[in-house]
Amino acid sequence: MGGDPAEDVLVLPPIPLATGRVLREDDRTLEVTAVEVVVSTADGTQHRIALVPRHGAWWAPDR
């Protein structure tokens with residue numbers, strides 16, 4: 001991979017990544033209590049980034 005390493009760092013945008021409080025599955029409705037983004041790296045590791053509920057949506061954490 002090329003370029004400046006600072007430009008290659010994964011950054012989540014400062015916008016809601018998801019909205020809603022329920023998930024519909026077949027014939028039932030499930031309350032959503034957490035939303036995560038899963039990032040897989042080349043070495044097979046998975047990193048989980050928990051989104052934060054704010055203003056009725058799910059946002060990236062302030063980091």
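All values below were derived from every heavy atom in this structure, side-chain atoms included, with hydrogens, water molecules and symmetry-related copies excluded. Note that the numbering runs from 1 along the sequence shown for the chain.
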List in chain and number order the residues that pass side chain to side chain contact (heavy atoms under 4.5 Å, CB included) with Pro13, two or more places apart in sequence or in another chain; answer none if no residue qualifies. Ile15, Leu17

Are the side chains of Ile49 and Pro61 in touch, meaning some heavy atoms are under 4.5 Å apart? yes

Decide yes or no on side chain to side chain contact (heavy atoms under 4.5 Å, CB included) for Val32 and Arg21, but give the supporting numbers first. CA-CA 5 Å; Val32 175; Arg21 296 178 300 147; 5.6 Å; no

Quick note, salt bridge (Lys or Arg N to Asp or Glu O under 4.0 Å) partners involving residues 28-44, not counting sequence neighbours, are Glu25-Arg28, Glu36-Arg48

Quick one, Leu51 and Val37 - any side-chain contact, counting heavy atoms below 4.5 Å? yes

Distance-only check: which donor-acceptor pairs under 3.5 Å involve side-chain atoms of residues 53-60, not counting sequence neighbours?
from	atom 1	to	atom 2	distance (Å)
Trp58	NE1	Gly20	O	3.1
Trp59	NE1	Arg54	O	2.9

Would you give the length of the straight line joining atom CG of Leu23 to atom OG1 of Thr33, rounded to the nearest 0.5 angstrom? 10.5 Å

